[in-house]
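For reference, the structure is listed below as structure tokens.
Chain letters run A, B, ... following the sequence lines, proteins first, then strands; residues in each count from 1.
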Number of protein chains: 2
Amino acid sequence: MGQPRDIIHKLSELGYRVTPQRMMILSAIENSDSHISAEEIYAQVVAKYPRVNISTVYRTLELLKRLDLVTETDLGEGRVRYHPADRGHHHHLVCQECGAIIDLDESALFSLRDTLLREYKFVADLRHLAIFGRCINCRQ
Amino acid sequence: MGQPRDIIHKLSELGYRVTPQRMMILSAIENSDSHISAEEIYAQVVAKYPRVNISTVYRTLELLKRLDLVTETDLGEGRVRYHPADRGHHHHLVCQECGAIIDLDESALFSLRDTLLREYKFVADLRHLAIFGRCINCRQ
DNA sequence: ATTGCGAATACAAACGGTTGCAATTAACTA
DNA sequence: TAGTTAATTGCAACCGTTTGTATTCGCAAT
């Protein structure tokens, strides 16, 4: 995602407005050192700018997703998490027994992606996949 | 999922109660010829038994999932869909452009499952996967 | 048939997230 | 610098789903 500075530049370049809300949401995601939820972003932003609304957070996240600046991951917690897209695409193995989350390099899905392309002519978007199951500690 | 009769038997065998709500929810899923949503199940049940509540539908679906009698699929419509588990495990390729849904045989994911097991000792539960992307008609 | 008990229910409120719309405002023009 | 206008926002209502809780009810024992 680079520096917030770059992103702000990119936004206005593409004709999007640079609003204080967007800047604060951007820096909340940037400053998070792991995956952050919309609610957490909102809490951080509202502390400095109380009039902001949660729907603005969701709409901004929607925009940033569309521009490939953030990646969304559903880890099955009943809430989705976000992180800067340039921190690398990785996937998650989520243990349904103990809740452990194991990072999975995106290369693990390269052959699946190729198969889908070859056999189904389908361009799979595998940037934010969570696979559920049982980890080594939870199966006997 | 077999006959509703069998399932009802299985439920009471396992110590679960056989209630009219559960029977009606079961037959709604059974009679659907494709994937059915909780809302659609509810609509069908409420027509014959107006006092039933939507939360009962969700809790029953939760139970049936746990007992491996129904499978849940999230096709990204903002609502989850259900179908009898014994109708076969297949996956879906969902086109984010035109909304097309392409069925994908579960065998397409066998090699991924093996890789995860071998390299991560992770038993992946790949029964209800939706993969998003672009179909052949929507990419140039 | 009646009782007792715990499982299942209806109901209401809450959850995370989305949407329609009127008011605000960033960024262009003059 | 002020004026214009379409993008963006706040707000409120809504969506599908989940959860807490008091009440109901299936079912085994009497």
Rounded to the Å, how far apart are [X] [atom1] and [N] [atom2]?
X: B/I8; N: C/dA8; atom1: CD1; atom2: C1'; answer: 16 Å
X: B/D74; N: D/dT18; atom1: CG; atom2: P; answer: 11 Å
X: A/L75; N: C/dG16; atom1: CG; atom2: C1'; answer: 15 Å
X: A/L61; N: C/dT19; atom1: CG; atom2: P; answer: 14 Å
X: B/L14; N: C/dA7; atom1: CG; atom2: P; answer: 14 Å
X: A/I54; N: C/dT19; atom1: CD1; atom2: P; answer: 15 Å
X: A/E77; N: C/dC15; atom1: CD; atom2: P; answer: 16 Å
X: A/E13; N: C/dA26; atom1: CD; atom2: C1'; answer: 17 Å

Looking at every strand, decide which applies to [X] at a 4.0 Å heavy-atom threshold: base, sugar-phosphate, or nothing.
X: A/R22; value: sugar-phosphate
X: B/S12; value: nothing
X: A/R79; value: sugar-phosphate

Exercise. Taking the six-membered ring for Trp, are A/H35 and A/H83 parallel (under 30°), tilted (30 to 60°) or perpendicular (over 60°)?
Worked result: tilted
Exercise. Counting only distance, no hydrogens or angles, is the base of C/dT18 paired donor-acceptor with the side chain of A/R59 under 3.5 Å?
Worked result: no
Exercise. Would you say the side chain of A/R17 and the base of C/dA27 hold a donor-acceptor pair, judged only by whether the two atoms sit under 3.5 Å apart?
Worked result: no
Problem set entry | Salt-bridge contact A/E62-A/K65 (side-chain N to carboxylate O under 4.0 Å) | yes
Problem set entry | Side chain B/H89, main chain B/T71, donor-acceptor under 3.5 Å | no
Exercise. Under 3.5 Å, is there a donor-acceptor pair between the side chain of A/R81 and the main chain of A/L75?
Worked result: no
At less than 4.0 Å, is any side-chain N or O atom of [X] found next to OP1 or OP2 of [N]? Yes or no.
X: A/Y58; N: C/dT18; result: no
X: A/S55; N: D/dG10; result: no
X: B/Q21; N: D/dC25; result: no

Problem set entry | Earlier contact from the 5' end, DNA chain D, for B/E72 and A/Y49 | A/Y49
Exercise. Of B/E39 and B/V18, whose closest DNA chain D nucleotide lies nearer the 5' terminus?
Worked result: B/E39
Exercise. At their closest point, which heavy atom of B/I54 faces which heavy atom of B/A38, and how far apart are they?
Worked result: CD1-O, 4.2 Å
For this session: State which of C/dC11, D/dT17, D/dG10 makes the closest approach to the side chain of B/A38.
Result: D/dT17
For this session: Name the residue closer to the 5' end of DNA chain C, choosing between A/E62 and B/L63 according to the nucleotide with the nearest heavy atom.
Result: B/L63
